[in-house]
Amino acid sequence: MLFSEDVFRRKSELGGSIEVICGSMFSGKTEELIRRLKRAQIAKLKVEIFKPKTDVRYDETNVVSHNQNAIPSIPIDHSSALLLMISDNVDVVGVDEAQFFDEELPHVCNVLANRGIRVIVAGLDMDFKGNPFGPMPAIMAMAESVTKVYAVCVQCGSPALYSYRLVPDGARVLLGEKESYEPRCRACFNAG
Ligand SMILES: Nc1ncnc2c1ncn2[C@@H]1O[C@H](COP(=O)(O)OP(=O)(O)O)[C@@H](O)[C@H]1O
Ligand SMILES: Cc1cn([C@H]2C[C@H](O)[C@@H](COP(=O)(O)O)O2)c(=O)[nH]c1=O
Ligand SMILES: [Zn+2]
């Protein structure tokens with residue numbers, strides 16, 4: 001592996017970096033984000049986590065995975081708030097549901113990484129139509145490491161990379177869970 005995710009040195013000892021965890025809904029993005037952040041905390045690094053204020057599905061402040069693993073976070077309504085709210089001595093920054101942030105998020109991640117901070121970003125790479133989602137493609141282009149994770153296709157059991165919308169709503173942003181979405185592989189997604 002050219003770039004190891006397990007970087008347990010303080011920011012003063014190492015240049016910063018951007019890591020992306022992407023995939024469909026239920027693919028384990030949040031679990032993987034929480035795993036990396038908790039390991040950094042075990043290594044006694046100072047960790048701060050941010051999420052969009054709009055994402056209140058499970059909890060207003062915590063980042064919570066579908067299997068109820070959780071970590072405290074700071075909800076913000078614009079990526080620029082991250083630069084204002086971040087503490088001075090932070091080693092690692094986590095961002096969840098990055099697809100909902102504005103187009104400034106890639107720049108914000110770059111600023112943090114250039115300050116020596118390890119930035120870990122989790123988000124949907126594609127929307128329900130299979131199109132690249134919000135700032136995710138730009139952050140993936142700038143990242144040292146991109147990890148794509150897969151759910152299990154609920155139709156056939158293959159690895160799933162799409163989030164199939166089950167309800168007739170054309171809006172790009174529609175918060176929801178299993179009542180509104182199911183992870184599907186390419187063939188099952190295209191079968192409709
Ligand atoms: N079809 C599925 N494929 C994989 N995991 C699923 C599926 N349905 C439910 N899950 C649960 O979702 C968990 C992943 O949750 P989470 O990390 O919150 O995913 P994401 O952030 O990618 O939406 C899995 O560990 C599993 O318990
Ligand atoms: C595909 C898709 C999803 N959403 C919403 C649905 C959920 O609230 C989140 C994704 O959460 P997860 O942690 O990845 O499971 O995004 C949306 O608004 N639009 C979409 O196209
Ligand atoms: Zn399938």
Side-chain angles (χ1 to χ4, degrees), residues 5 19-41 47 49-79 92-103 105 119-140 143 145-192:
E5 71 179 39
E19 296 163 39
V20 174
I21 305 162
C22 64
S24 71
M25 290 181 67
F26 305 100
S27 60
K29 303 180 299 296
T30 303
E31 269 179 12
E32 178 60 17
L33 175 68
I34 292 173
R35 187 186 74 84
R36 291 186 195 184
L37 295 173
K38 287 195 170 167
R39 286 172 66 82
Q41 287 174 331
V47 173
I49 305 124
F50 297 86
K51 73 170 186 176
K53 221 171 216 166
T54 44
D55 182 50
V56 290
R57 276 176 308 161
Y58 288 128
D59 197 296
E60 290 213 351
T61 49
N62 286 332
V63 161
V64 184
S65 71
H66 291 296
N67 57 0
Q68 304 306 312
N69 200 355
I71 194 164
S73 73
I74 304 166
I76 52 174
D77 51 19
H78 193 274
S79 61
V92 183
V93 165
V95 180
D96 199 19
E97 304 291 355
Q99 75 277 356
F100 290 145
F101 277 109
D102 49 280
E103 298 301 325
L105 184 62
V119 184
I120 313 176
V121 177
L124 290 172
D125 46 4
M126 289 188 279
D127 65 15
F128 73 105
K129 292 181 174 170
N131 293 322
F133 209 155
M136 287 299 287
I139 302 171
M140 289 160 76
S145 132
V146 177
T147 305
K148 182 146 175 160
V149 286
Y150 298 86
V152 177
C153 174
V154 299
Q155 299 287 326
C156 76
S158 298
L161 70 164
Y162 293 103
S163 309
Y164 185 84
R165 188 175 282 177
L166 298 164
V167 293
D169 188 322
R172 187 176 222 195
V173 175
L174 174 71
L175 299 187
E177 297 295 323
K178 286 191 170 166
E179 76 297 338
S180 308
Y181 296 95
E182 63 183 32
R184 292 194 180 185
C185 70
R186 182 181 296 276
C188 294
F189 180 80
N190 288 331

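Every number for a ligand or one of its atoms is a count from 1 in the order of the listing.
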Output yes when the distance from some N or O of ligand 1 to some N or O of [X] is under 3.5 Å, and no in every other case.
| X | answer |
| --- | --- |
| Val152 | yes |
| Phe26 | yes |
| Ser65 | no |

Closest to [atom] (judged by heavy-atom distance), picking from [options]:
| atom | options | result |
| --- | --- | --- |
| atom 19 (O) of ligand 1 | Ala151, Gly28, Gly23 | Gly28 |
| atom 6 (C) of ligand 2 | Leu174, Asp169, Val63, Asp55 | Leu174 |
| atom 13 (C) of ligand 1 | Gln68, Arg184, Glu31, Gln155 | Glu31 |

Checklist entry - Hey, are the side chains of Phe50 and Val93 touching, using non-hydrogen atoms and a 4.5 Å cut-off? => result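 When only atoms from C-beta onward are counted, Val93 and Phe50 do touch, with a gap below 4.5 Å.
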Checklist entry - Do Val149 and Cys22 have side chains that get closer than 4.5 Å, going by heavy atoms? => result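 Answer no - side chains too far apart.
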Please write down residue, atom name and distance for the protein heavy atom closest to [atom].
| atom | value |
| --- | --- |
| atom 16 (O) of ligand 2 | Phe100 CZ, 3.2 Å |
| atom 20 (P) of ligand 1 | Lys29 NZ, 3.5 Å |
| atom 14 (O) of ligand 2 | Lys29 NZ, 2.8 Å |
| atom 19 (N) of ligand 2 | Arg172 O, 2.6 Å |
| atom 15 (O) of ligand 2 | His66 NE2, 2.8 Å |
| atom 21 (O) of ligand 1 | Thr30 OG1, 2.8 Å |
| atom 12 (O) of ligand 1 | His66 CB, 3.6 Å |
| atom 21 (O) of ligand 2 | Phe128 N, 2.8 Å |

Checklist entry - So is Ser163 polar-close to ligand 2, meaning N/O to N/O under 3.5 Å? => result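 Checking ligand 2 against Ser163, no N or O pair falls under 3.5 Å apart.
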Below 4.0 angstrom from a heavy atom of [X], which ligand 1 atoms are there? Numbered from 1 as shown, please.
| X | value |
| --- | --- |
| Ser24 | 22 (O) |
| Ser27 | 19 (O), 20 (P), 22 (O) |
| Pro183 | 1 (N) |
| Asn67 | 25 (O), 27 (O) |

Checklist entry - Would Val95 and Ile49 satisfy side chain to side chain contact (heavy atoms under 4.5 Å, CB included), going step by step from the backbone distance to the final call? => result CA-CA 6 Å; Val95 180; Ile49 305 124; over 6 Å; no
Restricting to non-hydrogen atoms, name the atom on [X] and the atom on [Y] that form the minimum distance, rounded to 0.1 Å.
| X | Y | result |
| --- | --- | --- |
| Tyr181 | Leu174 | OH-O, 2.7 Å |
| Pro159 | Tyr150 | CB-CB, 4.1 Å |
| Asp102 | Ser79 | OD2-OG, 2.6 Å |
| Met140 | Val20 | CG-CG1, 3.7 Å |
| Ala160 | Ser24 | O-OG, 3.6 Å |
| Ala70 | Val64 | CB-CG2, 4.1 Å |

Salt-bridge present ([X], [Y]; N to O < 4.0 Å):
| X | Y | answer |
| --- | --- | --- |
| Lys51 | Asp96 | no |
| Glu32 | Arg35 | yes |
| Glu182 | Arg184 | yes |

Next on the checklist: Between ligand 1 and Ala160, can you find any atom pair, the residue atom being a heavy atom, that is separated by under 4.0 Å?
Outcome noted: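 No, that is not the case, since the closest heavy atom of the residue is not under 4.0 Å from the ligand.
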Next on the checklist: Contact between ligand 1 and Lys178 is defined here as a heavy atom of the residue under 4.0 Å from a ligand atom; is it met?
Outcome noted: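 Yes, Lys178 has a heavy atom closer than 4.0 Å to ligand 1.
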As an exercise, identify every atom of ligand 2 less than 4.0 angstrom from a heavy atom of [X].
| X | result |
| --- | --- |
| Gly176 | 6 (C), 7 (C), 8 (O) |
| Phe133 | 19 (N), 20 (C), 21 (O) |
| Arg165 | 19 (N), 20 (C), 21 (O) |
| Tyr181 | 1 (C), 2 (C), 3 (C), 4 (N), 6 (C), 17 (C), 18 (O), 19 (N), 20 (C) |
| Asp127 | 1 (C), 21 (O) |
| Leu175 | 8 (O) |
| Leu124 | 1 (C), 2 (C), 3 (C), 10 (C), 14 (O), 16 (O) |
| Met25 | 3 (C), 6 (C), 7 (C), 10 (C), 14 (O), 15 (O) |

Checklist entry - Strictly under 4.0 Å, does any heavy atom of Gln99 approach an atom of ligand 2? => result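 Yes, Gln99 has heavy atoms under 4.0 Å from ligand 2.
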Checklist entry - Any non-hydrogen atom of Glu97 lying under 4.0 Å from ligand 2? => result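 Within the 4.0 Å threshold, so yes.
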Checklist entry - Angle at the Zn ion (ligand 3) between SG of Cys188 and SG of Cys185, to 10°? => result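 Answer comes to 100°, rounded to 10°.
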Checklist entry - Parallel under 30°, tilted from 30 to 60°, perpendicular over 60°: which one fits the rings of Tyr162 and Phe189? => result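 Aromatic pair Tyr162/Phe189 classed parallel.
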For a quick check under 3.5 Å, do [X] and [Y] share a side-chain donor-acceptor pair by atom type?
| X | Y | value |
| --- | --- | --- |
| Lys38 | Asn69 | yes |
| Arg36 | Thr147 | yes |
| His66 | Glu31 | no |

Item to check | Sidechain-backbone polar pair: Arg165 side chain, Asp169 backbone, donor-acceptor under 3.5 Å | outcome: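 Yes: the side chain of Arg165 pairs with the backbone of Asp169.
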Checklist entry - Does the side chain to side chain contact (heavy atoms under 4.5 Å, CB included) test come out yes or no for Val63 and Glu97, once each step is laid out? => result CA-CA 9 Å; Val63 161; Glu97 304 291 355; over 6 Å; no
Item to check | Neighbour count >12 (heavy atoms, 6.0 Å) for atom CZ, Arg186 | outcome: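 No, because the 6.0 Å sphere around CZ of Arg186 holds 12 heavy atoms or fewer from other groups.
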Checklist entry - Is any heavy atom of the protein nearer than 4.0 Å to atom 26 (C) of ligand 1? => result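 Answer no: nothing from the protein, no heavy atom, is under 4.0 Å.
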Next on the checklist: Can you tell me which portion of Val154 lies within the under-4.0 Å heavy-atom range of ligand 1? Options are side chain, backbone, both, or neither.
Outcome noted: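 Near ligand 1, Val154 shows its side chain, while the N, CA, C and O stay back.
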